[in-house]
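Lettering of chains follows the sequences in order, A, B, ..., and the numbering in each one begins at 1.
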Amino acid sequence: MEKLLLQPSLEKLNIWWDLVERKGRHVGLEEEGRKANPDRLLYTLSKIRPKVLLLCGEEAWNLFKVGPLKKLINDVGIINFSPGRDVWVLHAPCLAEAAEMHRLLPQVEASFDRAVSVCNPHVPKVKKWVRPIEELLEKTAKILTAYDLETTSLDPRKGRILTASFTWREEKKLLTYWVENPKQSDLKRWWVKGPRIVHNAKFELSWTKPIKITDYHDTFLRAGLVDENESHRLEDQLLRYCRGYPYWSSLPDYGDFSDVPLHVVGTYNGFDTAYTYLLYEYQEGVLDDREKSLLGDVINPLSFVLWKMEEAGVKINGGKLKKLCQEMDEEIKTGNDFLRKKFGDINWSSPKQVRKLLYEEMKLPVLEMTKGGEPSTSKETIERLSKRRKSLLPIIRIREITSIRNGILSALEEKTDGNGYIHTTFNQGFVATGRLSSSNPNLQNIRREGAEKSCFTSRFPGGRLVAADYEQFELRICAAHSKDRMFRKLILEGQDPHTHTTKELELSSRQDGKQLNLSLASGISARGLAYEHGFSESKARKWRGEWFRLHPQIAMFHTKLGQDVRRKGYVTNLFGRKRHLPISKERNQNSQRRASNQAKNFPIQGGGADIINAAVVRLYRLLRKEGLKALIVLQIHDEIVVDSPKEEVKKVAELMKEAMTNPMPGFEFFVPMAIDLRVGTSIAK
DNA sequence: AGCTACAGGACTC
DNA sequence: CCTGGAGTCCTGTAGCT
């Protein structure tokens with residue numbers, strides 16, 4: 001149910017309050033005692049994008065009639081806040097009528113899944129701390145304090161701290177103070193003394209640099225558990241959950257924070273922490289116990305470890321990389337020359353130009369279409385076409401190598417720092433399933449067999465990279481979650497589950513057995529199976545049926561997931577992490593099907609994410625406890641890479657095995673986890 | 001002309 | 001009915017101001 005109420009005055013607010021309060025989502029458009037600013041309204045609305053806007057009272061109505069929306073609305077009309085998204089505006093001249101409309105709305109909009117209401121915001125009081133900063137730090141040392149910095153740059157090496165802000169509760173009152181030019185060393189000492197609340201801890205950590213994992217709560221990461229589908233940005237969270245008013249949009253358009261008067265920065269900074277504190281309290285109310293322990297055990301401490309991993313970086317063999325690039329440039333040049341003679345001057349990266357050549361000039365048959373309904377020029381299509389035109393094959397190669405050269409190798413070259421290290425960013429909280437992603441550069445999509453793997457090397461003279469990946473990770477998680485007895489038995493006996501499936505279903509190769517196991521565990525349809533692996537549909541259907549008869553627990557597991565999605569609107573993984581998949585009846589079958597697949601995939605992908613992330617945290621603690629020099633440098637979904645001095649390799653391998661097979665001491669997996677270790681001077685296989 | 005948004009295609013687990 | 005899920009990044013193109 002999605003409604004937006006614009007409250008023209010305070011006394012009327014009370015009447016609406018309990019209707020609004022129950023939904024738990026508030027948006028502020030007015031500052032206390034002042035009239036709402038139309039620009040601010042428009043800004044807020046464009047963020048929330050409500051489907052229905054219910055205006056009541058002449059004051060509210062006039063605001064819109066004179067504002068920039070004037071030309072778009074009539075008495076009942078449509079406003080577009082974004083292309084393709086209609087907003088119905090219902091206008092009631094008086095409160096009684098609005099109340100009646102409000103009462104009827106549920107029946108009309110049964111399909112709207114978000115409730116948004118507009119009412120007076122909570123405006124925190126922000127003050128400058130005028131006494132010595134030591135007193136403030138001492139006062140807040142041991143109490144729960146929201147903390148935030150404003151700086152001149154995102155990078156601590158390039159900028160400096162302008163202000164710091166602190167919010168805490170004293171009795172019932174929320175106190176917020178900001179200070180100017182705090183010393184980094186003071187903050188570093190202060191940080192470790194008590195519980196902290198921050199929004200996006202990795203940023204504050206990189207400036208404050210505490211020496212060990214401490215007690216902090218990250219409202220950004222918590223937001224990812226409350227609703228993984230919503231934007232976790234502080235601004236968006238405040239609009240949605242905290243009756244925040246958009247103070248950030250009132251900041252004039254300065255180029256850089258260093259040009260902004262310090263008291264403006266400080267006040268802004270103060271609003272950030274005050275609202276962060278309120279957001280924290282809201283989250284405390286909606287997160288359940290399992291989510292809180294996942295946060296405490298894994299998610300919060302992980303951000304510290306990720307910061308350390310980013311800071312450490314991974315060492316690159318620059319000479320080798322350069323040689324590789326030269327070789328590839330050479331191949332691109334000869335390849336391009338060859339193709340130019342044959343087909344003319346064509347940009348092979350342009351699907352449009354390739355499409356023109358293949359289907360208009362060469363008049364080849366259209367075998368596959370893209371999602372957008374255009375004839376496909378993908379690798380698979382060209383491979384199929386090249387069966388009759390051998391001369392097309394070099395196109396695949398040239399496209400592949402130019403994309404690798406431009407997409408991967410040049411990124412590696414560019415992002416290597418002066419000392420030969422690449423510092424990727426591990427994004428936590430962005431992926432709906434709980435996985436990490438990597439960017440600048442993305443080190444999680446380095447080619448499996450790519451030559452560039454040999455460029456990743458150890459920072460220690462004579463050192464080694466130790467890489468450990470989980471064996472049959474997803475299959476084991478599926479079996480562990482569904483309590484599948486067959487897979488448990490096979491794994492405990494040390495048999496290969498893929499070979500077993502191959503034999504049972506009388507398949508031709510282990511490869512087929514493996515594909516069947518992996519695809520069916522994450523809920524593929526018979527048709528999808530046939531399409532994906534080139535089996536006939538009847539065979540796919542037969543095997544799928546037999547497979548589920550061998551694994552009745554997995555069949556039940558899938559049924560249960562489907563029920564959860566329909567009844568509760570979300571599914572849960574082994575550790576209490578949720579994936580919200582709102583399905584309403586009006587949506588087409590396509591979306592339903594998709595949601596059902598997502599539901600089946602989530603416990604596996606999301607379970608894997610929490611397992612390996614817990615392992616990273618545990619491994620970090622074990623390495624530090626043992627006083628080793630070795631550093632965790634990469635996490636690639638089912639793999640952890642540690643850079644180790646040669647003499648520590650044996651110990652590191654032991655610790656990796658311990659951390660990865662038992663990532664959460666006290667949590668017993670129905671099917672045990674196992675790892676495969678590789679030790680080398682690079683990460684090449 | 002410069003910006004943004006998107007689609008398509010490459011790579012990953 | 002559609003053709004397991006989750007990402008990043010590059011390029012070209014279309015549409016906007």
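- Of the candidate nucleotides dG5(C), dC9(C), dC2(C), dC2(C) has the atom lying nearest to any side-chain atom of Arg527(A).
- Under the 4.0 Å criterion applied to side-chain N and carboxylate O atoms, Arg405(A) and Glu413(A) are assigned as salt-bridge partners.
- Between Glu639(A) and Arg678(A) there is a salt bridge, since a side-chain N of the basic residue sits under 4.0 Å from a carboxylate O of the acidic one.
- Of the listed nucleotides (dC13(B), dA6(C), dG7(C)), dA6(C) has the atom at the smallest distance from the side chain of Thr433(A).
- Partner assigned to dT4(B) is dA14(C), using Watson-Crick or G-U wobble distances below 3.5 angstrom.
- Here salt bridge (Lys or Arg N to Asp or Glu O under 4.0 Å) pairs that include residues 428-442 of chain A, with residues two or more places apart or in two chains, are Arg435(A)-Glu474(A).
- Contact annotation for Arg405(A): no contact, since no heavy-atom pair falls under 4.0 Å across all strands.
- Note on Asp643(A) versus Lys315(A): no salt bridge recorded, every NZ/NE/NH1/NH2 to OD/OE distance being 4.0 Å or above.
- Here the nucleotide nearest the side chain of Asn427(A), chosen from dT3(C), dA6(C), dT8(C), is dT8(C).
- In the set dC10(C), dC13(B), dG4(C), dG4(C) carries the atom at the smallest distance from any side-chain atom of Ser522(A).
- Taking the P atoms as reference points, dT3(C) lies 15 Å from dG9(B), given to the whole Å.
- Residue Ile446(A) is classed as a sugar-phosphate contact, given heavy-atom separations below 4.0 Å to backbone atoms only.
- Distances shown here put every side-chain N or O of Gln444(A) at or beyond 4.0 Å from the OP1 or OP2 atom of dT8(C).
- dT3(C) is unpaired under the criterion used here, namely a Watson-Crick or G-U wobble arrangement in which both key atom distances are under 3.5 Å.
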